[in-house]
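The figures that follow rest on heavy atoms only: side chains count, while hydrogens, waters and symmetry mates do not.
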Amino acid sequence: MTIFILFGLFIALITIILFLILCASMMISTIKKKAFPKKMLIATLSGIVLTSSTFVYKMYFFSFSNIDRDFIQKGPRPIKSPTEKYDANAFYEPYGGAAGGVNVWVEITNNMKKSKLKTVYHSDAKSNFSMEWLDEDTLYIVNDDPNYPNSNRSIQLIIGKEIYHENGLACQSLLMKDEYETCYQNE
């Protein structure tokens with residue numbers, strides 16, 4: 001997915017350059033009474049369409065499959081729901097190198113159905129992270145930093161009905177809309 005975003009940024013840069021050349025060509029064609037630069041206009045419009053498509057795809061076709069699983073780190077030990085119907089596992093994903101940060105996500109496994117993993121929570125990791133089952137279907141996730149009052153990303157989720165994505169990408173994704181009833185994001 002990162003390569004896709006870099007491709008979008010590269011196309012955007014080329015489109016900006018083409019747009020500047022188009023503007024200069026239009027001014028020259030007007031001043032010197034030359035033919036309108038149709039090929040340059042078509043190239044610029046194509047770049048705009050490609051750039052727009054890249055960012056529309058990223059916004060409306062999001063799935064948790066873009067998590068970089070090559071560098072994941074296990075979070076706190078997995079916890080079982082009271083009747084052991086579900087297992088909740090937390091994982092950390094470092095990003096941005098030395099100056100970057102860490103994302104945290106929580107995956108739920110339904111032990112009764114032996115179903116695939118389902119991601120229900122994704123956020124920037126804070127210094128205080130823990131999970132606790134409140135009942136068979138409700139998981140309480142604590143993710144905050146007491147030193148920063150606006151950093152609280154804690155939430156109570158009903159498994160199978162609710163998910164949380166800090167940036168809201170899962171909430172606006174057309175691919176994920178059937179996977180939950182309610183999606184929360186950081187305000």
Does the side chain of P76 come within less than 4.5 Å of S130's, by heavy atoms? no

P94 versus Q73, closest heavy-atom pair with distance: CG-NE2, 3.6 Å

Does any part of the side chain of I141, heavy atoms only, come nearer than 4.5 Å to the side chain of V106, both counted from C-beta? yes

Output, in order, the C-alpha distance, side-chain angles, deciding distance and verdict of side-chain contact (heavy atoms from CB on, under 4.5 Å) for V142 and F129. CA-CA 5 Å; V142 175; F129 180 84; over 6 Å; no

I'd like to know if the side chain of S173 reaches the main chain of A170, judged simply by a donor and an acceptor atom lying under 3.5 Å from each other, with no hydrogens or angles considered. no

Any side-chain heavy-atom pair of L139 and Y86 under 4.5 Å: no

Please check: side-chain N/O of N167 versus main-chain N/O of L169, any donor-acceptor pairing under 3.5 Å? no

Would a distance-only check, ignoring hydrogens and angles, find a side-chain to backbone donor-acceptor pair under 3.5 Å from K118 to N110? no

Applying salt bridge (Lys or Arg N to Asp or Glu O under 4.0 Å), which residue pairs with at least one partner in residues 139-165 are found, sequence neighbours left out? R153-E166

Between the main-chain N or O of S52 and the side-chain N or O of Y57, is there a donor-acceptor pair closer than 3.5 Å? no

Common cluster, Y180/I158, ILVMFWY with side-chain heavy-atom separation under 4.5 Å: no

Verify, without hydrogens or angle tests, whether T138 (side chain) and L134 (backbone) share a donor-acceptor contact under 3.5 angstrom. no

Are the aromatic ring centres of W133 and Y140 under 6.0 angstrom apart? no

Is there side-chain contact between F62 and L175, with heavy atoms separated by less than 4.5 Å? no

Is the backbone of C171 close enough, under 3.5 Å, to the side chain of Q185 for a donor and an acceptor to pair up by distance? no

Check whether any side-chain N or O of S151 sits under 3.5 Å from a backbone N or O of Y148 as a donor-acceptor pair, and report yes or no. yes

Once you round to the nearest 0.5 Å, how far does CE of M40 lie from SG of C23? 11.0 Å

Side chains of T15 and I11: does their closest heavy-atom pair fall under 4.5 Å? yes

The remaining residues in the hydrophobic cluster of L20, counting side-chain heavy-atom contacts under 4.5 Å among Ile, Leu, Val, Met, Phe, Trp and Tyr, are I16

Can you find a pair of side-chain heavy atoms, one from D124 and one from Y95, that are under 4.5 Å apart? yes

Please report the C-alpha distance between V104 and F91 in whole Å, then the side-chain angles of each, then the deciding distance to 0.1 Å, and finally whether the side-chain contact (heavy atoms from CB on, under 4.5 Å) criterion is met. CA-CA 6 Å; V104 62; F91 300 94; over 6 Å; no

Evaluate the side-chain contact (heavy atoms from CB on, under 4.5 Å) criterion for residues I155 and Y184: first the C-alpha distance (whole Å), next the side-chain angles of each, then the deciding distance (0.1 Å), finally the verdict. CA-CA 9 Å; I155 192 162; Y184 300 101; 3.5 Å; yes

Flag the pair H122 / Y164 as yes when at least one side-chain heavy-atom distance between them is below 4.5 Å, and no otherwise. no

Are side-chain heavy atoms of I72 and W105 found at a separation under 4.5 Å? yes

Using distance alone, with no hydrogens and no angle criterion, decide if Y121 and N143 have a side-chain donor and acceptor under 3.5 Å apart. yes

Check whether more than 12 heavy atoms from other residues, nucleotides or ligands sit under 6.0 Å from atom NZ of K80, and answer yes or no. yes

